[in-house]
S.K.: 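Attaching a single structure in structure tokens format; questions to follow.
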2 protein chains.
Amino acid sequence: MAGRARIPEATVTRLPVYLRSLLELASDQVSTVSSERLAELSGVNAAKVRKDLSYLGSYGTRGVGYDVGFLVDQVGRELGTTRDWPVVIVGLGNLGRALANYHGFGTRGFRVAALVDADPALVGESIGELTVVSIDQLESVVGQGQVAVGIVATTAGSAQDVADRLVSAGVCSILNFAPVVLSVPSGVSLRNVDLSMELQVLTFYQHQAHPQHLGSASV
Amino acid sequence: MAGRARIPEATVTRLPVYLRSLLELASDQVSTVSSERLAELSGVNAAKVRKDLSYLGSYGTRGVGYDVGFLVDQVGRELGTTRDWPVVIVGLGNLGRALANYHGFGTRGFRVAALVDADPALVGESIGELTVVSIDQLESVVGQGQVAVGIVATTAGSAQDVADRLVSAGVCSILNFAPVVLSVPSGVSLRNVDLSMELQVLTFYQHQAHPQHLGSASV
DNA sequence: TAGATTGTTAATCGATTAACAATC
DNA sequence: TAGATTGTTAATCGATTAACAATC
């Protein structure tokens with residue numbers, strides 16, 4: 001009974017893509033899919049699909065392909081999408097509000113369970129079906145609601161403090177939208193989404209392809 | 001005069017992080033920084049910082065470090081942050097609205113130049129300083145405004161069509177928030193931000209660490 | 001059996017990082 | 001000169017992918 005090999009980080013980030021493709025196939029009543037087709041739908045290479053799926057187990061049938069329903073179950077089980085994942089959003093500015101109202105969350109077990117802000121002017125306001133509570137109540141909200149994931153949508157200046165408090169309160173998954181490098185203890189998962197940074201990467205390539213011509217022919 | 005070596009993708013994605021750290025140092029009146037310190041601020045390894053920066057040129061001084069102001073200029077020049085980057089946002093739902101109102105964009109040359117939606121009920125509405133125009137005018141808006149970047153914040157169903165039209169109109173950088181794999185011709189840069197996917201990756205790790213106990217001890 | 005497709009190996013590719021000569 | 005720190009090499013690590021035996 002040797003332990004299963006650790007799933008590589010790169011594979012983990014692709015599992016949700018496969019799951020999305022598989023759910024689409026399922027809703028189209030497709031019952032079987034080849035690695036070739038799943039790769040095409042997911043925008044990757046077929047060998048990579050097979051390698052990735054092989055980390056989960058031998059779920060395919062040679063000469064046939066993968067059973068869509070079965071694979072949805074297995075990938076979903078791996079990702080924990082059948083669990084309930086209560087989320088707290090800290091910071092109800094433009095972005096936090098949008099996330100609070102975003103209903104795409106619900107699909108994979110995610111549920112916005114609490115809204116927290118430091119601004120007294122926002123506390124008590126209703127957004128969707130929830131009421132914004134004070135940052136002073138962060139710990140109690142996290143404790144009560146058994147919050148699993150913290151979304152940091154504050155300013156850069158407050159983000160580290162909020163992250164520290166989330167971690168202290170027992171949250172071990174953090175999604176950070178603040179434009180700052182957060183430090184969290186090992187054992188806590190952290191992912192960052194930074195819109196300005198994504199745009200800078202995009203425009204890097206455009207800038208390299210078509211550098212601004214400001215009169216000087218070369219440097 | 002051999003052409004400069006191509007900058008690796010992984011390095012490109014870190015340049016904006018370095019730039020942010022450098023701007024922070026500059027605003028703190030720090031004039032010189034070592035790779036060690038810059039690495040710490042950026043959450044990476046010092047050797048990686050030196051390697052990454054070496055792709056841009058030999059901008060450091062042995063025994064001393066890097067001049068903060070000079071490095072800000074060089075990294076900024078590489079990323080094109082001194083250029084004006086007009087952005088069109090397509091899809092003014094919760095997320096599109098938040099992005100339209102997001103002022104963090106302005107900092108690196110990004111400027112929301114147009115808002116586009118297919119819903120006639122939204123056309124004509126003012127959001128911030130702009131008015132939502134019909135998707136029918138996408139091509140003319142992109143052409144007129146010399147739009148450089150398209151942000152796709154539509155539903156999954158419309159995203160590919162919108163992307164195709166953006167590309168036809170001459171946009172060659174697309175940031176996609178719709179939960180779908182887009183295909184774009186080579187020469188067009190595409191980056192994806194998917195909130196549900198980020199959350200699934202986070203909870204994968206939490207789920208692996210603390211699997212749900214539903215009565216069965218093992219499988 | 002013939003055709004199809006997986007699961008896995010091994011080769012390749014690219015990214016990370018330790019180490020250290022160069023040099024301020 | 002002694003200490004500090006870069007720039008670069010080379011070793012290591014990990015991810016990708018072509019290839020193909022296994023097998024439906």
Side-chain angles (χ1 to χ4, degrees), chain A residues 2 4-18 21-22 25 30-75 78 181 201 204-205, chain B residues 2 4-18 21-22 25 30-75 78 181 201 204-205:
Chain A
R4 194 186 58 181
R6 198 191 113 276
I7 301 180
E9 163 85 14
T11 295
V12 172
T13 64
R14 284 187 296 265
L15 291 180
V17 184
Y18 300 148
S21 301
L22 288 164
L25 287 166
V30 177
S31 62
T32 300
V33 67
S34 66
S35 59
E36 193 75 47
R37 176 81 181 117
L38 183 53
E40 188 188 8
L41 290 171
S42 306
V44 302
N45 169 298
K48 198 182 278 180
V49 167
R50 293 199 296 279
K51 183 82 169 157
D52 284 341
L53 294 180
S54 76
Y55 288 109
L56 311 188
S58 289
Y59 294 150
T61 305
R62 286 162 205 244
V64 177
Y66 300 88
D67 182 276
V68 173
F70 183 73
L71 205 50
V72 163
D73 289 348
Q74 296 306 317
V75 176
E78 206 70 38
V181 174
V201 172
F204 167 86
Y205 290 107
Chain B
R4 194 186 57 179
R6 195 191 116 276
I7 301 180
E9 163 84 15
T11 295
V12 173
T13 64
R14 284 187 295 264
L15 291 180
V17 184
Y18 300 148
S21 301
L22 288 165
L25 288 166
V30 177
S31 62
T32 300
V33 67
S34 67
S35 59
E36 194 74 47
R37 176 81 182 118
L38 184 52
E40 189 187 8
L41 290 171
S42 306
V44 302
N45 170 298
K48 197 182 278 179
V49 167
R50 292 199 297 277
K51 182 82 167 157
D52 284 341
L53 294 180
S54 76
Y55 288 109
L56 311 188
S58 290
Y59 295 150
T61 306
R62 286 164 204 243
V64 178
Y66 300 88
D67 182 277
V68 173
F70 183 74
L71 204 49
V72 164
D73 288 348
Q74 296 307 316
V75 177
E78 205 70 38
V181 173
V201 172
F204 167 85
Y205 289 107

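Side chains are part of it too, since the values below use all heavy atoms of this structure and drop only hydrogens, waters and symmetry mates. Letters A, B, ... mirror the listed sequences (proteins, then strands); counts begin at 1.
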S.K.: If you check the Arg50(A) side chain, which of dT6(D), dC20(D), dA15(D) turns out closest?
M.R.: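 Selected nucleotide (nearest to the side chain): dC20(D).
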
S.K.: With side chain to side chain contact (heavy atoms under 4.5 Å, CB included) as the test, pick out the partner of Leu71(B) among Val68(B), Val75(B), Asp67(B).
M.R.: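 Only one option passes, and that is Val75(B).
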
S.K.: Less than 4.0 angstrom between a side-chain N/O of Ser35(B) and OP1 or OP2 of dT5(D), yes or no?
M.R.: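 For dT5(D), OP1/OP2 do not have a side-chain N/O of Ser35(B) under 4.0 Å.
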
S.K.: From the list dA15(D), dG7(C), dG7(D), which nucleotide is the closest neighbour of the side chain of Ala10(A)?
M.R.: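 That would be dA15(D).
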
S.K.: Nearest whole angstrom, please: distance from the C1' of dA18(C) to the CD of Glu36(B).
M.R.: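 After rounding, the gap between these two atoms is 13 Å.
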
S.K.: Just to be sure I understand the rule, does Arg14(B) reach a base, reach only the sugar-phosphate, or reach nothing, if contact means heavy atoms closer than 4.0 Å?
M.R.: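 Sugar-phosphate only.
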
S.K.: Quickly work out the Tyr59(A) OH to dT5(C) C1' distance and round it to whole Å.
M.R.: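 My rounded result for the distance is 19 Å.
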
S.K.: Is dT17(C) paired to anything, Watson-Crick or G-U wobble with both distances less than 3.5 Å, and if yes, which nucleotide?
M.R.: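 Result: dA10(D).
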
S.K.: Think Tyr66(B) has a side-chain N or O under 4.0 angstrom from the OP1 or OP2 of dG7(D)?
M.R.: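 So the side-chain polar atoms of Tyr66(B) do come within 4.0 Å of the phosphate oxygens OP1 or OP2 of dG7(D), strictly under.
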
S.K.: Go through dA15(D), dT17(C), dA18(D) for me and flag the one nearest to the Pro8(A) side chain.
M.R.: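 For the Pro8(A) side chain, the nearest candidate turns out to be dA15(D).
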
S.K.: Closest approach to the side chain of Lys51(A), judged atom by atom: which nucleotide of dA10(C), dA18(D), dT16(C) is it?
M.R.: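 So the side chain of Lys51(A) is nearest to dA10(C).
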
S.K.: If I compare all heavy atoms of Asn45(B) with all of Ala47(B), which pair ends up nearest, and what's the gap?
M.R.: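 Heavy atoms of Asn45(B) and Ala47(B) come nearest at OD1-N, 2.6 Å.
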
S.K.: Could you check whether atom CD of Gln74(B) has more than 12 heavy atoms from other residues, nucleotides or ligands sitting under 6.0 Å from it?
M.R.: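 Counting other residues, nucleotides and ligands, CD of Gln74(B) exceeds 12 neighbours.
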
S.K.: Round to the nearest Å and state the distance from Lys48(A) atom NZ to dC13(C) atom P.
M.R.: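 The distance from NZ of Lys48(A) to P of dC13(C) comes to 15 Å, rounded to the nearest Å.
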
S.K.: Would you kindly give the CG-to-C1' distance between Leu53(A) and dG7(C), to the nearest whole Å?
M.R.: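 So the CG-C1' distance, Leu53(A) to dG7(C), works out to 11 Å.
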
S.K.: Work out which heavy atom in Ser35(B) is nearest to a heavy atom in Arg50(B); give both atom names and the distance.
M.R.: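 Between these two residues, the closest heavy atoms are OG-NH1, 3.0 Å.
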
S.K.: Specify the separation, in whole Å, of atom CG of Leu71(B) and atom C1' of dT6(D).
M.R.: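 To the nearest whole Å, that distance equals 13 Å.
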
S.K.: Looking at Asn45(A), does any N or O in its side chain come under 4.0 Å of the phosphate oxygens OP1/OP2 on dA18(D)?
M.R.: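 So the side chain of Asn45(A) is within the cut-off, an N or O lying under 4.0 Å from OP1 or OP2 of dA18(D).
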
S.K.: Between dT6(D) and Thr61(B), is there an OP1 or OP2 to side-chain N/O distance shorter than 4.0 Å?
M.R.: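 No, no such contact exists.
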
S.K.: What is the distance from CG of Asp67(A) to P of dT5(C), rounded to the nearest Å?
M.R.: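 It works out to 15 Å between those atoms.
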
S.K.: I would like to know whether Val17(B) and Val44(B) meet side-chain contact (heavy atoms from CB on, under 4.5 Å); could you show each step before the answer?
M.R.: CA-CA 10 Å; Val17(B) 184; Val44(B) 302; 6.0 Å; no

S.K.: Send over the distance from Tyr55(B) OH to dT8(D) C1', rounded to a whole Å.
M.R.: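 Atom OH in Tyr55(B) sits about 11 Å away from atom C1' in dT8(D).
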
S.K.: Could you state the atom-to-atom distance from CG of Asp52(A) to C1' of dT16(D) in whole Å?
M.R.: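 The distance from CG of Asp52(A) to C1' of dT16(D) comes to 10 Å, rounded to the nearest Å.
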
S.K.: Reading DNA chain D from 5' onward, which residue's closest nucleotide shows up sooner: Val64(B) or Ala47(A)?
M.R.: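 It is Val64(B), whose closest nucleotide lies nearer the 5' terminus.
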
S.K.: What is the base-pairing partner of dC24(D), counting Watson-Crick and G-U wobble geometry with both distances under 3.5 Å?
M.R.: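 dC24(D) is paired with dG3(C).
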
S.K.: Working to the nearest 0.5 angstrom, can you tell me the gap between Ser34(B) OG and Tyr66(B) OH?
M.R.: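 Between atom OG of Ser34(B) and atom OH of Tyr66(B) there are 9.0 Å.
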
S.K.: If you pin Gly63(B) and Arg62(A) to their nearest nucleotides in DNA chain C, which one's is more 5'?
M.R.: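 The 5'-side residue here is Arg62(A).
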
